[in-house]
Number of protein chains: 2
Amino acid sequence: MLEIISRGETYGYEITQQLRQLGFTDVVEGTVYTITMRLEKNNLVDIEKKPSTIGPPRKFYTLNTAGKAHLENFWGKWAFVSSKVNELKNKRR
Amino acid sequence: MLEIISRGETYGYEITQQLRQLGFTDVVEGTVYTITMRLEKNNLVDIEKKPSTIGPPRKFYTLNTAGKAHLENFWGKWAFVSSKVNELKNKRR
DNA sequence: ACCGGTACTTAGTATTACATAATACCATAT
DNA sequence: ATATGGTATTATGTAATACTAAGTACCGGT
């Protein structure tokens with residue numbers, strides 16, 4: 001979700017749809033919501049509310065400096081963990 | 001941990017050491033223990049207690065049929081999730 | 001007036017992650 | 001004997017995370 005938000009401001013409902021398109025077909029809005037709430041709580045995002053012509057107002061998120069740092073930190077951890085897990089996988093019988 | 005156990009019977013303390021050697025340097029025994037407890041609770045392992053000459057008895061774990069199935073299921077999920085995450089990573093700016 | 005799609009929020013449970021500390025066994029050195 | 005250090009499991013508690021179901025509300029079209 002941090003990575004998705006990093007590509008440009010977006011909002012919960014749209015994030016849900018993007019995740020579903022990515023293949024996480026059974027992600028529901030509630031799941032995404034708890035994560036956006038966490039991002040807010042941890043001050044990793046800036047928030048802007050904008051009206052929509054086709055529904056209720058949208059709450060747009062963008063990564064702030066801390067959010068970007070957090071994302072970079074995540075990618076570092078991902079590189080480490082995924083390489084270790086793949087190492088295990090490749091040694092599998 | 002399922003993968004580590006799948007390579008041959010082993011016990012908590014040894015698993016901790018293996019994980020540390022793998023690079024997860026700050027894994028402590030308590031963390032491993034909660035996971036072995038979960039494996040027991042979910043009936044994914046067979047248990048055999050054997051004496052040790054250099055300390056208290058060891059509780060050896062081996063994967064049972066359900067455990068092996070669970071592991072295979074994990075590798076399937078891993079292939080999916082890691083490919084999706086890497087897809088995101090590679091599109092990163 | 002209702003319906004379906006859009007959109008956020010609430011509230012709750014179950015699981016997971018992790019740390020700290022306690023207990024106990026054994027060999028070796030003092 | 002006893003102190004110590006490595007080996008090994010167990011107990012207990014807290015915080016974070018994952019996930020679901022249901023509720024509220026806004027809007028356009030029939």
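From a predicted model like this one, the values you see are computed outputs, not experimental measurements. Every chain is numbered from 1 and lettered A, B, ... according to where its sequence line falls, protein lines coming before strand lines.
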Each base of DNA chain C marked ( ) or [ ] if paired in-strand (Watson-Crick or G-U under 3.5 Å), | if paired to another strand and . if unpaired gives ||||||||||||||||||||||||||||||
Which atom names give the shortest non-hydrogen contact between [X] and [Y], and what distance separates them?
| X | Y | value |
| --- | --- | --- |
| B:P56 | B:S52 | O-CB, 3.6 Å |
| B:Y11 | B:K59 | CB-O, 3.1 Å |
| A:L2 | A:H70 | CD1-CD2, 3.5 Å |

Strand-adjacent residues in residues 9-23 of chain B, judged by heavy atoms under 4.0 Å from DNA chain D: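 Correct list: B:Y11, B:G12, B:Y13.
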Check each residue of residues 44-79 of chain A for a non-hydrogen atom within less than 4.0 Å of any atom in DNA chain D, then write out the ones that pass by number, or none.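 Under 4.0 Å from DNA chain D: A:T53, A:G55, A:P56.
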Can you check whether [X] reaches [Y] side chain to side chain, under 4.5 Å on heavy atoms?
| X | Y | answer |
| --- | --- | --- |
| A:T62 | A:V45 | no |
| B:E3 | B:W75 | yes |
| A:Y13 | A:R58 | no |

Can you name the residues that form a side-chain hydrogen bond (donor to acceptor under 3.5 Å, both in side chains) with A:N86, not counting sequence neighbours?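 B:W78.
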Got a sec, which residues hit side-chain hydrogen bond (donor to acceptor under 3.5 Å, both in side chains) with A:Q18, two or more places apart in sequence or on another chain?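 A:Q18 satisfies side-chain hydrogen bond (donor to acceptor under 3.5 Å, both in side chains) with no other residue.
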So does B:K68 pair up with B:E72, basic N to acidic O under 4.0 Å?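 No, B:K68 and B:E72 are not salt-bridged.
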Measure from [atom1] on [X] to [atom2] on [N] and round the result to the nearest Å.
| X | N | atom1 | atom2 | answer |
| --- | --- | --- | --- | --- |
| B:D26 | C:dC18 | CG | C1' | 10 Å |
| B:F24 | C:dC18 | CZ | P | 11 Å |
| A:Y33 | D:dA21 | OH | C1' | 15 Å |

Below 4.0 angstrom, which residues in residues 80-87 of chain B have at least one non-hydrogen atom near DNA chain C?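 None - not one residue of the stretch has a heavy atom sitting under 4.0 Å from the strand.
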Hey, can you pull the donor-acceptor pairs under 3.5 Å for the side chains in residues 28-38 of chain B, sequence neighbours left out?
unit_1, atom_1, unit_2, atom_2, d
B:T34, OG1, B:T31, O, 2.7
B:T36, OG1, B:Y33, O, 2.8

Look up atom CD in A:Q21 and atom CG in A:L19, then write down how far apart they are to the nearest 0.5 Å.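 One gets 10.0 Å once the value is rounded to the nearest 0.5 Å.
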Not counting sequence neighbours, which residues clear side-chain contact (heavy atoms from CB on, under 4.5 Å) with [X]? List them please.
| X | result |
| --- | --- |
| B:K84 | A:F24, B:F80, B:E87 |
| A:K50 | A:E9, A:E48, A:F60 |
| B:A66 | B:L44, B:N64 |

Does A:I54 sit in a hydrophobic cluster with other residues, and if so which ones, taking ILVMFWY side chains as linked at heavy-atom separations under 4.5 Å, directly or through other members?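 Once heavy-atom contacts under 4.5 Å are chained together, A:I54 still belongs with nothing else.
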Indicate for each nucleotide in nucleotides 13-19 of chain D, in 5' to 3' sequence, whether protein heavy atoms under 4.0 Å reach the base (B), only the sugar-phosphate (S), or nothing (-). ----SSB
